[in-house]
Amino acid sequence: MTHKSQATRYDQLTPSQRKAVFHIEGPLLVLAGPGSGKTRVITHRIVALIDSGVNPHNICAITFTNKAADEMRQRANALGSSAGAHISTFHSLCVRILRRYADKAGIKPNFSIYNDSDQASCMKQAVKDCELDTTNFPPARMLDAVSTLKNKLIDAEHFGSDADDFFSKTLAKIYIRYQSILSEQNGLDFDDLLMKTAFLLKGHSDVRNELGERFKFLLIDEYQDTNHAQYEIAKALVSSHSNICAAGDPDQSIYRWRGADIRNILNFEKDWPDATVVKLEENFRSRPEILQMADSLISLNQNRKQKKLIPTRPPAADIVITEFEDEQEEAEGIAQKVRQLTDPSFRGGKLVPAKAGGKSLRDIAVFYRVNSMSRALEEAFIRNKIPYQIVRGTEFYNRKEIRDLLAYLKILVNPSDEVALLRIINTPARGIGKTTVDRVRSYAVLNNITLFDAFKKAGDIESLSKAPKAKIAAFVEMLERFKKDVAGKVAPLIEHVFTESGLRKSIQSDDSALENVNELISAAAQYDRQAEEPALLDYLQQIALFSDADAYDASSDRVAFMTLHAAKGLEFEDVFIAGLEDGLLPHERSNTDDDETEEERRLFFVGITRAKAGLYISYARYRTVRGQLQRTIPSPFLFELGTEFTESDNVISSATSVIPAQAGIHCFAAGELVRHKSFGLGRVKEFIDMGEDSIVKVRFNTGQTKSIMLKYANLSRINDI
DNA sequence: CATAGCCGCCTTTTT
DNA sequence: GGCGGCTATG
């Protein structure tokens, strides 16, 4: 094996990066801005720990997504070798811990992991069991409330005993029932994985010590997005040695709605008073114009620690803000701009090309606030024959045919999984209808056995007639046959179940469904090759934790479409951010308080700082929302990008895209007196003619000089009044 | 018991 | 605009 000398390996690190890498013992906080090489630092740190004699087996690194874990593993191996180090997400780590200490955690190791639609069906049942109306207690809301409680490590019993008002008392009842439904089925939801692990560690000092021995060094990336449960788990894991290294950026905290608590990172130094703090403020990614814009935006957040964005690259950014008529035109405009960037022979389009094309599609991404916005983009890219990928991993596993097939597999591993059983009992149709299922169900309740056991004993159920009994017997027999083949590789088993269950036959005329199943089988084969010891249980628990961002394939030469949330941690040469409209970004549903608005601002900040050189922000005057064409209002964030640019030449630097001026927008000459709605009277210093995107530099009587985009500013000539 | 068709409900972001 | 669930019908 070739081994790079340590000197060359660490040579390229800046002094602060080196400090973060080589500061070995004790608590360490890496406060890292975007593009500062944070992940690289963590990776180097893993290698440095190993170089200094730490056994890789004693290192645990936690990343935000599985994808990030894979990449970190690969990079660490490229630098030296990290074989044996545990690198995974919080959730995957919890699955491993819970499987290992299942009895102490009060669960069975073959648990099913319930995703949100599984959770929804359990919650619905819970609300019904409590004899409550699902209109007054919508399952989705209840799930939200329960999730919040779990993330705060408040279990059903404690919440119930503290509840004093009607709503809390009712919620407590629902929470308790929901938890018992889950445990009857040996199922854990995403939040349970964290909560159960946190409680396990809290209640068992032996487990804590054992894991403290195992993981002598803990590294956590994206620490700003950890929730309370994760925080407690981290604290417990390092309680015996305090070798915790947390890295993150408070300005990139975008998961508050999911329980992420920004205080975890802000209070790190209080939690570990002897912590070393390393700031990484240099940015190696973006052109300075982009950083200036990002900084101007994020500076408006009140609840924030001041941090610099120090550019290291020379200026040469291409920044454009464009208005489009509607989302179709926006998508078309983006597609054409992509052609300009990538195809040297392309000269068409509404936008004037910045420079000759020739860039790779893989270096370009389009971000948006909500998934539904991908549709118009897809259509435009198909029209323009531009290859793209939609980064949405969970979508695949949510397809009906995939979920049906996986439900068969889940039953084999965990027969108590009622959600899975009910899904497949009559899929494909085998004559076991609702009436039959209800009868078996009452039998199960009456005899206090699982639904699956009741099906096994269907012969004894008096309310069932001969025909359904025979059909049930055939179904149970089929599952028993499958069970014999459970051990070993997963892909052949899936193939077998697909055929024998009758699923293949039932979807044989649906090409896309068949294709999806084939994809599932090849992905499973991939798992079989990679896993040390392929096992169905492990496979199912792994794919349950598959995330949207995990679907991103950096190696394929296609433009990536993704939500702003999924963009975290990535970087691209050219970035498009679509739909900068009030109500979309910031989203209308996050307008209840200032904290939420600040989070939306951070989300935009994350999007902007993904761009290395090209940043194309756009909005549409009209957008179809839920089938309704609506007039839009430009996002207030658009006004926040340039206000700090008063002394620079342009708000829009190197802007090459010019939209034809709209009727009604007129030119201003230097020296003219103008009035602005909020800034009052001023005198025009300069007019930068960019058609509809024209900018007026005005020195106001307040003494401030502002660059204002004409189309946003309600600017009037003083003699017009 | 299966199927089609209709109605009403939700609809931000996701491990 | 999309899906789950309910109902009417075969």
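In the text below, chain A, chain B and the rest are named by the order of the sequence lines, each starting its count at 1. Given the structure is predicted, the values throughout are model-derived calculations rather than measurements.
OP1 or OP2 of dT14(B) has at least one side-chain nitrogen or oxygen of Thr563(A) nearer than 4.0 Å. Within the structure, a side-chain polar atom (N or O) of Ser547(A) is placed less than 4.0 Å from OP1 or OP2 of dT15(B). Applying the 4.0 Å criterion to OP1 and OP2 of dT13(B), one finds that Asn371(A) has a side-chain N or O inside that range.
The aromatic ring of His587(A) sits over the base of dT12(B), with ring centres less than 5.5 Å apart and planes inclined by under 30°.
Here Tyr255(A) lies in heavy-atom contact (under 4.0 Å) with sugar-phosphate atoms only. Backbone-only engagement by Thr435(A) is indicated by non-hydrogen atom pairs under 4.0 Å involving sugar-phosphate atoms exclusively. Across all strands shown, Asn426(A) has heavy atoms under 4.0 Å from sugar-phosphate atoms exclusively, and none from any base. In this structure, Thr436(A) reaches the sugar-phosphate backbone alone: every heavy-atom distance under 4.0 Å involves primed, P, OP1 or OP2 atoms, never a base.
The closest side-chain heavy-atom distance from Leu171(A) to Leu149(A) is below 4.5 Å. With a 4.5 Å cut-off on side-chain heavy atoms, Tyr101(A) and Thr197(A) do not count as touching.
Going from atom CZ of Phe475(A) over to atom CZ of Phe455(A) covers 7.0 Å, rounded to the nearest 0.5 Å.
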Show, in sequence, the C-alpha distance, side-chain angles and deciding distance for Trp257(A) and His587(A), and conclude whether the ring-ring contact (aromatic ring centres under 6.0 Å, His included) test is met. CA-CA 13 Å; Trp257(A) 52 276; His587(A) 197 275; over 10 Å; no
I would like to know whether Gln119(A) and Ser147(A) meet side-chain contact (heavy atoms from CB on, under 4.5 Å); could you show each step before the answer? CA-CA 11 Å; Gln119(A) 289 176 47; Ser147(A) 173; 6.0 Å; no
Taking protein heavy atoms under 4.0 Å as touching, what does nucleotides 2-10 of chain C look like 5' to 3' if B marks base contact, S marks sugar-phosphate-only contact and - marks none? S--S-----
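Going from atom CD of Glu588(A) over to atom P of dT11(B) covers 12 Å, rounded to whole Å. The separation between Ile254(A) atom CD1 and dT14(B) atom P is 9 Å, rounded to whole Å. Following rounding to the nearest Å, Leu464(A) (CG) and dC1(B) (C1') show an atom-to-atom distance of 14 Å. Look at CG on Asn115(A): it is 12 Å from P on dT15(B), rounded to the nearest Å. Between the CG atom of Asp118(A) and the P atom of dT15(B) there is a distance of 15 Å, rounded to whole Å. Atom CG in Asn398(A) sits roughly 12 Å away from atom P in dT14(B) (whole-Å rounding). Straight-line distance from the NZ atom of Lys568(A) to the P atom of dT14(B): 12 Å, rounded to whole Å. The nearest whole Å value for the distance from the CZ atom in Arg369(A) to the P atom in dT14(B) is 9 Å.
Each of Lys471(A) and Glu600(A) lies near DNA chain B, and the nucleotide nearest Lys471(A) is the one positioned closer to the 5' end. Residues Arg589(A) and Asp116(A) each lie close to DNA chain B; by heavy-atom proximity, the contact nearer the 5' end of the strand is made by Arg589(A).
Under a 4.0 Å N-O distance rule, the pair Arg623(A)/Glu330(A) qualifies as a salt bridge.
Using a 30° and 60° split on the angle between ring planes, Phe561(A) and Tyr368(A) fall in the perpendicular class, above 60°.
Here the closest non-hydrogen pair linking Lys108(A) and Ala102(A) is C-CB, 4.1 Å.
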